[in-house]
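Notes follow once the structure below has been shown.
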Protein chains: 2
Amino acid sequence: MLPEHARSHNRALVLQTLYTTGAQSRADLARGTGLTRVTVSDLVAELMAEGLVVELGQREDARPGKPATLLDVDRGAFRIVGIDVSGHRVVRGAVLDLSGAILERAESPLGGATGERAFELVAELAARLAALATAPVLGVGIGTPGVVDPRGTVRSAPNLGWTDLPLQARLSARLGLPVHATNDANAAVLAEHGAAEADDLMLVKIGHGVGSGLIVGGRLVTGSGFASGEIGHVVVGTDGGPRCVCGRDGCLEAWLSVPRLTEQLDALGADADEAARAEVLAEAGRRLGIVLAPVVGALDLPEIVLSGPAHLLDGPLIDAALETLRKRTMAEQTRDLRLRMTAHGQDIVLHGTAVMVLSGELGVS
Amino acid sequence: MLPEHARSHNRALVLQTLYTTGAQSRADLARGTGLTRVTVSDLVAELMAEGLVVELGQREDARPGKPATLLDVDRGAFRIVGIDVSGHRVVRGAVLDLSGAILERAESPLGGATGERAFELVAELAARLAALATAPVLGVGIGTPGVVDPRGTVRSAPNLGWTDLPLQARLSARLGLPVHATNDANAAVLAEHGAAEADDLMLVKIGHGVGSGLIVGGRLVTGSGFASGEIGHVVVGTDGGPRCVCGRDGCLEAWLSVPRLTEQLDALGADADEAARAEVLAEAGRRLGIVLAPVVGALDLPEIVLSGPAHLLDGPLIDAALETLRKRTMAEQTRDLRLRMTAHGQDIVLHGTAVMVLSGELGVS
DNA sequence: GAAGTTTGTTCGTAAGCTTTACTAACTTTC
DNA sequence: GAAAGTTAGTAAAGCTTACGAACAAACTTC
């Protein structure tokens with residue numbers, strides 16, 4: 001630990017405070033961070049020289065003393081390119097500003113591409129988006145299915161045919177930009193964490209498969225083999241269940257994946273009564289609750305967020321899941337448990353990649 | 001972040017390296033920590049002045065250059081007092097040295113004491129042990145059942161009748177020593193982590209009740225309500241189960257607690273055949289595996305350690321638990337999963353309190 | 001208009017780590 | 001057996017970083 005590490009820590013602290021609290025003066029920052037006004041002034045000068053922070057002019061309200069000069073993060077000064085490879089049919093991308101707002105969108109049909117061809121599609125989309133940016137690009141974030149190590153190498157992503165693909169390194173060399181890659185569910189939980197107040201959070205991503213991302217103690221859980229969140233192929237309950245693609249009976253994914261739910265609802269017929277449809281969804285919700293109960297108990301989780309098609313998840317499914325969780329854990333722990341849909345909708349992974357880049361490049365989240 | 005924070009970080013880094021790697025020279029420390037020899041010399045001088053580090057004399061082996069002066073943590077320079085309140089009938093305590101070895105023991109029968117009387121017993125035992133110490137006491141560590149917040153206030157410990165008891169603050173004022181308090185299962189996992197190589201670890205403590213402690217990313221999981229590890233009252237499976245004291249059917253504790261297992265084995269009669277006894281234990285192990293599977297999947301845990309009576313746990317129970325875990329999670333995750341008994345035996349909480357004091361007072365673990 | 005308040009800067013200082021340079025003490029080599 | 005090479009530890013000087021004290025600027029309040 002060198003003095004310059006302390007410096008960069010303080011720099012990130014100032015930037016973080018400014019980012020989350022919004023426009024304020026150097027003196028406000030000093031009070032907020034615990035540093036002195038002198039130090040804050042120095043750090044702000046550095047941040048202004050880099051174009052990250054701008055002066056907004058004097059504070060308007062009438063107070064004694066010299067009027068304060070308001071500062072803020074220049075949220076338009078840089079762009080972030082985000083890529084979401086978690087879709088089954090398309091690779092989605094976007095240009096975002098530093099506030100995480102999506103400015104431009106682009107996508108490429110995957111068309112069943114795997115291996116090197118899939119990588120090419122991702123690289124081309126990223127380059128196309130970087131060219132669209134009307135401000136310097138801070139970095140590129142990628143959320144991909146599969147097991148991704150901290151260096152951004154995709155250890156294994158069966159659907160894309162990727163094995164030990166150094167996604168981050170190769171893309172960074174090709175684009176000449178900082179690149180950050182992580183698992184799609186991890187990206188999603190980062191997106192949710194950006195807004196959430198809690199330091200412990202689980203995000204369950206339900207799509208073609210079922211995965212999850214976890215934040216514990218304010219930090220993303222990566223797992224010893226970088227394979228955290230893999231709850232899709234955990235067997236639910238002790239009474240069997242539908243056959244899963246992995247060959248076992250009663251995996252969570254066999255109960256809960258979008259194709260499975262859609263198939264079950266379709267089997268009811270178009271004129272099925274609402275109660276029958278609700279029961280299908282409630283049963284899936286109960287299964288989710290059964291799997292989550294031990295995790296909630298062990299981690300004392302205060303909040304779980306679901307991501308996926310709202311017309312399937314938001315309703316009987318989520319209600320049944322919460323009820324099951326309450327029934328199967330200690331009351332004190334789950335009394336205040338929140339289980340809700342994400343507010344990010346389909347863009348959750350894209351927003352998460354932006355959080356990743358902000359955190360990796362600026363120390364801000 | 002001030003320069004002196006960097007200093008104390010580096011100080012702890014040097015001490016940690018010396019503590020875990022053992023006797024070595026200043027130059028070795030410099031290589032090991034990445035600091036320069038000058039800085040290491042300075043920090044070592046400070047640590048020697050405090051009596052924490054001593055010179056052992058010159059290195060014996062024949063090498064070119066000036067012979068190195070070996071240093072080591074003076075593991076006898078201080079004592080740690082550890083108290084384990086997790087026992088059902090007695091409060092156990094010990095005096096330990098800095099290596100975690102137990103030098104003296106003492107215990108007090110609890111005799112059903114609760115509330116203020118139970119606190120008195122703990123305080124008296126701690127004072128008695130502190131008086132037994134033949135070197136300055138670095139601090140006092142306490143492991144207690146219940147929910148304990150980071151300040152060492154017992155939010156709730158029903159068995160002891162404690163509610164919002166500021167255990168750490170009151171004991172510290174009374175003894176004039178630094179005190180650290182935590183949940184007994186958390187203390188246990190800290191003890192296990194001291195020896196384990198992994199940064200992710202779960203410890204399941206099976207006694208009168210069932211609890212657990214978790215280390216994720218090298219850090220103890222406290223939980224949003226400081227109630228992490230409470231898996232004893234998570235319902236197992238979807239086929240009912242024995243009635244639990246909490247009123248529900250099929251809680252893990254109702255399957256797995258020591259009283260329950262003992263009762264079941266006793267019911268078989270003294271001349272029961274070995275296979276019948278093994279089946280009782282295996283069924284309990286399967287139930288444990290069912291509850292742990294989602295946790296292992298979500299956290300990608302590499303290792304789970306059991307603490308409790310070896311004659312019950314070590315054998316059919318642990319084998320069945322591992323087999324169930326493998327059957328109910330993805331093969332890639334649990335192929336290398338280790339499930340084993342702790343090597344600390346009955347002293348696991350005492351050892352854990354020592355780790356807590358070492359970590360809290362010296363930044364060493 | 002004088003007094004008080006708040007902001008932001010200038011200047012000097014203390015802490016902490018580094019680089020450079022040195023001495024001490026050993027082994028290896030010729 | 002002397003010179004050369006290597007390693008450990010220390011001393012001095014310098015750089016970075018943050019702080020405190022003091023001050024000017026600009027406002028409100030009385």
Side-chain angles (χ1 to χ4, degrees), chain A residues 1-18 21-50 52-73 363, chain B residues 1-18 21-50 53-72 363:
Chain A
M1 168 80 65
L2 307 175
E4 64 230 51
H5 293 137
R7 172 92 175 169
S8 60
H9 178 193
N10 289 339
R11 200 190 97 113
L13 183 63
V14 165
L15 201 56
Q16 170 83 49
T17 306
L18 211 45
T21 317
Q24 58 196 300
S25 70
R26 290 170 177 83
D28 293 332
L29 278 170
R31 283 184 288 265
T33 58
L35 300 166
T36 61
R37 294 202 306 271
V38 179
T39 304
V40 168
S41 275
D42 195 38
L43 290 166
V44 165
E46 187 178 310
L47 292 166
M48 284 177 63
E50 294 173 33
L52 276 165
V53 167
V54 285
E55 291 190 339
L56 301 179
Q58 294 196 344
R59 179 178 276 148
E60 292 294 323
D61 57 349
R63 296 199 299 189
K66 177 178 171 179
T69 311
L70 291 179
L71 305 166
D72 203 355
V73 175
Chain B
M1 168 81 63
L2 306 175
E4 63 229 54
H5 293 138
R7 175 82 173 178
S8 60
H9 176 124
N10 289 338
R11 200 190 98 114
L13 182 63
V14 165
L15 201 56
Q16 169 84 49
T17 306
L18 211 46
T21 317
Q24 58 197 298
S25 70
R26 292 170 176 83
D28 293 331
L29 278 170
R31 282 184 290 266
T33 57
L35 299 167
T36 60
R37 293 202 306 274
V38 180
T39 305
V40 168
S41 275
D42 195 37
L43 290 165
V44 164
E46 188 178 307
L47 292 166
M48 284 177 64
E50 296 174 32
V53 168
V54 284
E55 292 190 338
L56 301 178
Q58 294 198 344
R59 180 178 274 148
E60 292 294 323
D61 57 351
R63 294 199 298 189
K66 176 177 171 179
T69 311
L70 292 179
L71 306 167
D72 203 354

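This one's a predicted model, so the numbers in the text were calculated from it and none came from an experiment. So that the names make sense, note that chain A is the first sequence line, chain B the second, and so on, each numbered from 1. No hydrogens, no waters, no symmetry mates; every other heavy atom, side chains included, goes into these values.
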- Item | Contact check, side chains of A:Arg7 and A:Glu46, non-hydrogen atoms, under 4.5 Å | yes
- Per atom distances to the B:Ala68 side chain, the nearest of C:dC26, D:dG9, D:dC19 is D:dG9
- Item | Min side-chain heavy-atom separation A:Glu55-A:Arg26 under 4.5 Å | yes
- Query: Between C:dT6 atom C1' and A:Arg59 atom CZ, what is the distance in whole Å?
  - Reply: 10 Å
- Query: If only side-chain N and O atoms of A:Ser41 are considered, is one of them under 4.0 Å from the OP1 or OP2 phosphate oxygen of C:dG8?
  - Reply: no
- Message: Measuring to OP1 and OP2 of D:dT16, would you say a side-chain N or O of A:Arg7 lies under 4.0 angstrom away?
- Response: no
- From C:dG16, D:dA26, C:dT19, pick the nucleotide closest to the side chain of A:Pro67? D:dA26
- Side chains of A:Thr33 and A:Asn10: does their closest heavy-atom pair fall under 4.5 Å? no
- Query: Contact class for B:Val38 vs. all strands (heavy atom < 4.0 Å): base, sugar-phosphate, or nothing?
  - Reply: base
- Query: Is the shortest side-chain N/O distance from B:Thr69 to OP1 or OP2 of D:dA8 below 4.0 Å?
  - Reply: no
- Message: Rounding to an integer number of Å, can you tell me how far B:Glu55 CD sits from D:dG9 C1'?
- Response: 10 Å
- Task: Check whether any side-chain heavy atom of B:Glu50 sits under 4.5 Å from a side-chain heavy atom of B:Arg11, and report yes or no.
- Result: yes
- For C:dT5, does OP1 or OP2 lie under 4.0 Å from any side-chain N or O of A:Arg63? no
- Message: So, does A:Thr39 get its side chain near the phosphate of D:dC19, meaning an N or O under 4.0 Å from OP1 or OP2?
- Response: yes
- May I have the distance from A:Leu71 (atom CG) to C:dT7 (atom P), rounded to whole angstrom? 12 Å
- Quick one: are A:Thr21 and A:Gln16 in side-chain contact, heavy atoms under 4.5 Å? no
- Would you say B:Asn10 reaches C:dC17's phosphate, i.e. side-chain N/O to OP1/OP2 under 4.0 Å? yes
- Task: Please state how far atom CG in B:Leu43 lies from atom C1' in C:dT18, giving the value in whole angstrom units.
- Result: 13 Å
- Message: On the nucleotide C:dT18, are OP1 or OP2 found under 4.0 Å from the side-chain N or O atoms that B:Thr36 carries?
- Response: yes
- Task: Take the protein atom CD of A:Glu60 and the nucleotide atom P of D:dA26, then report the distance between them rounded to whole Å.
- Result: 16 Å
Detail all sub-3.5 Å separations between protein N/O atoms and N/O atoms belonging to nucleotides 4-6 of chain D.
{"residue": "D:dT6", "atom": "O2", "partner": "B:Gly65", "partner atom": "N", "Å": "3.2"}

- Query: From the list D:dG9, C:dG8, C:dT7, which nucleotide is the closest neighbour of the side chain of B:Arg26?
  - Reply: D:dG9
For a quick test of your reading: what N or O donor-acceptor pairs under 3.5 Å do the side chains of residues 34-41 of chain B make, sequence neighbours left out?
{"residue": "B:Thr36", "atom": "OG1", "partner": "B:Thr39", "partner atom": "N", "Å": "3.3"}
{"residue": "B:Thr36", "atom": "OG1", "partner": "B:Thr39", "partner atom": "OG1", "Å": "3.0"}
{"residue": "B:Ser41", "atom": "OG", "partner": "B:Arg37", "partner atom": "O", "Å": "3.3"}

- In whole Å, what is the span from the CG atom of A:Leu29 to the C1' atom of C:dG8? 13 Å
- Item | Whole-Å gap separating P (C:dG16) and CZ (B:Arg11) | 12 Å
- Message: Using a 4.0 Å heavy-atom cut-off, does B:Arg37 contact any base of the nucleic acid, only the sugar-phosphate backbone, or nothing at all?
- Response: base
- Query: Looking for any heavy atom pair under 4.0 Å, which part of the strands does B:Arg31 touch: base, sugar-phosphate only, or nothing?
  - Reply: sugar-phosphate
- Within the structure shown, what part of the strands sits under 4.0 Å from B:Ser25 by heavy-atom distance: base, sugar-phosphate, or nothing? sugar-phosphate
- Query: Rounded to the nearest Å, what distance is computed from the NE2 atom of residue B:His5 to the P atom of nucleotide D:dC19?
  - Reply: 10 Å
- Decide, yes or no, whether a salt bridge links A:Asp28 with A:Arg59 under the criterion of side-chain N to carboxylate O below 4.0 Å. yes
Please tabulate, for side-chain N and O atoms in residues 60-73 of chain A, each donor-acceptor pair with protein atoms closer than 3.5 Å (sequence neighbours left out).
{"residue": "A:Asp72", "atom": "OD1", "partner": "A:Arg75", "partner atom": "NH1", "Å": "2.9"}
{"residue": "A:Asp72", "atom": "OD2", "partner": "A:Arg75", "partner atom": "NH1", "Å": "3.4"}

